[in-house]
2 protein chains.
Amino acid sequence: MPKSAPTIKEIARKLNISFSTVSRALHDHPSIGLGTKLKVKKLAEELGYEPNQTAVFLQQGKTYTIGVILPHLAESFFPAAISGIEEVAIKNDYVVLLGQSLDSTEREIMLVESMRKHRVDGLIISMAKNTTNYEHFEKLKKSNIPIVFFDCIPSMKEIHTVSCNMISGSIQAVSYLLKKGHRVIGLINGPEKLTASKERLEGYQQALLKNRLKFDPSLVVNSDLTKEGNIKALHEILKNKRKITAIVAFHDNLALDIMQELDITKQEHKPVIVSYANLPMMQFLKYKPNASVEQFPYLQGKKAAEIILDIIKNKNNEQNQNNAFYKIILDSKLIDYH
Amino acid sequence: MPKSAPTIKEIARKLNISFSTVSRALHDHPSIGLGTKLKVKKLAEELGYEPNQTAVFLQQGKTYTIGVILPHLAESFFPAAISGIEEVAIKNDYVVLLGQSLDSTEREIMLVESMRKHRVDGLIISMAKNTTNYEHFEKLKKSNIPIVFFDCIPSMKEIHTVSCNMISGSIQAVSYLLKKGHRVIGLINGPEKLTASKERLEGYQQALLKNRLKFDPSLVVNSDLTKEGNIKALHEILKNKRKITAIVAFHDNLALDIMQELDITKQEHKPVIVSYANLPMMQFLKYKPNASVEQFPYLQGKKAAEIILDIIKNKNNEQNQNNAFYKIILDSKLIDYH
DNA sequence: TTGAAAGCGGTACCAG
DNA sequence: CTGGTACCGCTTTCAA
């Protein structure tokens, strides 16, 4: 006997009352006899009755589930973001459906489909790095499932976004180095087309400008962010005629690779490094960046979740239709390790 | 007009046929007119019809969702495990509901409740470290929701488990050190009552025995795994009259802490270290463990997911009731970094 | 080949 | 205060 979960009807039958009465009793409906109420509650307790939420969901047309799709969990950025999302979700009696796209568009599409099928009430997405076709997102909008994008955001109009302004952090990073007396500062950036890369470059330039220094394009190289690419970029930048004393690295991971390479190749004057991410592991390194730009993933996740819940809850409000779009931009911040 | 998703009935109405016909047409039911079938499919396509899975779920009594509850995502062990779970889930058209207990029993209970309410088909759990009361798990079993425990497993009878045998890895670790000539090997273990600690100690002793060496209890200390605790344990063990040349550390994180401390306090002869976890970041350290024991989290996750799906699918098979319990034990393996 | 109707587990309205 | 009933969206059996 695979004792299936007890239902409201079973309780009704055993008590010889109608199941609507049972339903009301369980909900403390005001107009219900105290006696029956107690009887019902007692039996429900005994049977270990639990309302079948899927039934409730069906008739409410909601699932109290928010889907989260992100590239992967390997980078500590994303676990932190999820934690922020989960925190808000839990407080609102929502639950989190997780999917990793592994930076594959194909898989991202699959996940979006799957979450749509499961009728999530809303979706929070950090897009796969190389997704360029946004049909699956459009389809989602058509299905009337709200999305909030964060971190890696598609260039679509009329979407909700949460992101971290890297420009401010970049300015801080470069200013920090300038204040320490560095004048020839290299920038090993990510792929040129990435917004993230553009923002870093922008900040780099602005900081120079502020200090009335001329921007020298030969001090900037791009890496494809693979280990080999990073090392190649390092050597390329070190070839510069001017003596580079400091490097701004696109990401802590890139910093790790080039620091290792600097170590292996035994450079005599190791450049000072400033990077991005503020990975927790950094503190354990001996030769580490002097500082790293924090992007507050937890906060980003939290914000994204708050927004999606807000949208879900106001979905049927006439006013909020198709007009306002959230664009939350947090400021990044340089964390000094010394 | 918050255009709600089109339903089977709408299609039926527009086509002036009954909605059961529509349902069948959509499912390629054999006994359906080719003409109507095409008409229906065409309109469904146009309207962007998608079956409401929550309705399907309700009547199937399934949600195609598996819940995963684990302490947190900060340690790379868990993201890897999730990836394994997700892989299997996706292949089987299941979806993953995630919850982090943050090693709080209270929160774990909450999550279990929440997942029960959402009627997950099965649950995969790595228990919060200090959970000692198992009522919430028992309740789950009563609700007929299958659970597979992995990694941190409660001491309950009649449960399904996936775990990694740390004894074999520990033997390898100590043997490795012995082969290198070390004779005075310290063990900085975790909290005494943890299974994980017991297994490490067990392996430590067995390896000594195999090599006809005497076990010296004074070479073993326990840490509470906080940073302070780790450092304290290190100094305690270094006080030993015998000269410790190698240390087996409970976990890479502990190794990190004590290596940092050894560095700071400028010990002249730094002991060789072997630890557990094989964290990806280890490769970037200069002073790093010589080797680390891998626990194959991805595989553990994968196995756990396979089991839970197997149970779910055979749930209504008479045979499989309450008899067999999976106890999968993977072997750990020492990874040499040199 | 198609329609009608029951039922999955609830909620909520209308009667009485 | 309680029972009856319609309905949420879909699958499936029974009849026609």
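A, B, ... follow the sequence lines: proteins, then strands. Residue 1 opens every chain.
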Worksheet entry | Set of residues satisfying salt bridge (charged side-chain N to carboxylate O under 4.0 Å, His left out) with respect to A/Arg119, sequence neighbours excluded | none

Worksheet item: Who passes side chain to side chain contact (heavy atoms under 4.5 Å, CB included) against B/Ile17, sequence neighbours left out?
Response: B/Leu15, B/Thr21, B/Val22, B/Val40

Discussion item. Using a strict heavy-atom distance below 4.0 Å, which residues from residues 28-47 of chain B are in contact with DNA chain C?
Written reply: B/Ser31, B/Ile32, B/Gly33, B/Thr36

Worksheet, complete the sentence: To the nearest angstrom, the CD1-C1' distance between B/Ile11 and C/dG3 comes to 17 Å

Practice prompt. Output every pair passing ring-ring contact (aromatic ring centres under 6.0 Å, His included) with a member in residues 72-111 of chain A, not counting sequence neighbours, ordered by first then second residue.
Written response: A/Tyr64-A/Tyr94, A/His72-A/Phe78

Under 3.5 Å, sequence neighbours excluded: what are the donor-acceptor pairs made by side chains of residues 42-51 of chain A?
{"unit_1": "A/Lys42", "atom_1": "NZ", "unit_2": "A/Glu46", "atom_2": "OE2", "d": "3.2"}
{"unit_1": "A/Glu50", "atom_1": "OE2", "unit_2": "B/Arg116", "atom_2": "NH2", "d": "2.7"}

Worksheet item: Base, backbone or nothing for each nucleotide of nucleotides 8-16 of chain C, written B, S, -, heavy atoms under 4.0 angstrom, 5' to 3'?
Response: BBSBBB---

Item to complete: Kindly write out the residues that satisfy side chain to side chain contact (heavy atoms under 4.5 Å, CB included) with A/Val88, not counting sequence neighbours, or none if the list is empty.
Response: A/Asn92, A/Lys302, A/Ala305, A/Glu306, A/Leu309

Worksheet item: Please, which pairs that meet ring-ring contact (aromatic ring centres under 6.0 Å, His included) have at least one residue in residues 21-40 of chain B, sequence neighbours excluded?
Response: none

Discussion item. The criterion is side chain to side chain contact (heavy atoms under 4.5 Å, CB included); which residues satisfy it with B/Lys129, sequence neighbours excluded?
Written reply: B/Pro71, B/Asp103

Worksheet item: With sequence neighbours left out, which residue pairs that include part of residues 7-17 of chain B fulfil the side-chain hydrogen bond (donor to acceptor under 3.5 Å, both in side chains) condition?
Response: none

Item to complete: Give the angle between the helix axes at the two ends of the helix from C/dT1-D/dA16 to C/dG16-D/dC1, taking five base pairs at each end and rounding to 10°.
Response: 60°

Item to complete: Apply side chain to side chain contact (heavy atoms under 4.5 Å, CB included) to B/Ser104 and list each qualifying residue two or more places apart in sequence or on a separate chain.
Response: B/Glu106, B/Arg107

Worksheet item: Any side-chain N or O of A/Thr21 less than 4.0 Å from the OP1 or OP2 oxygen of D/dT2?
Response: no

Discussion item. Rounded at 0.5 Å granularity, tell me how far CD in B/Glu135 sits from NZ in B/Lys142.
Written reply: 8.0 Å

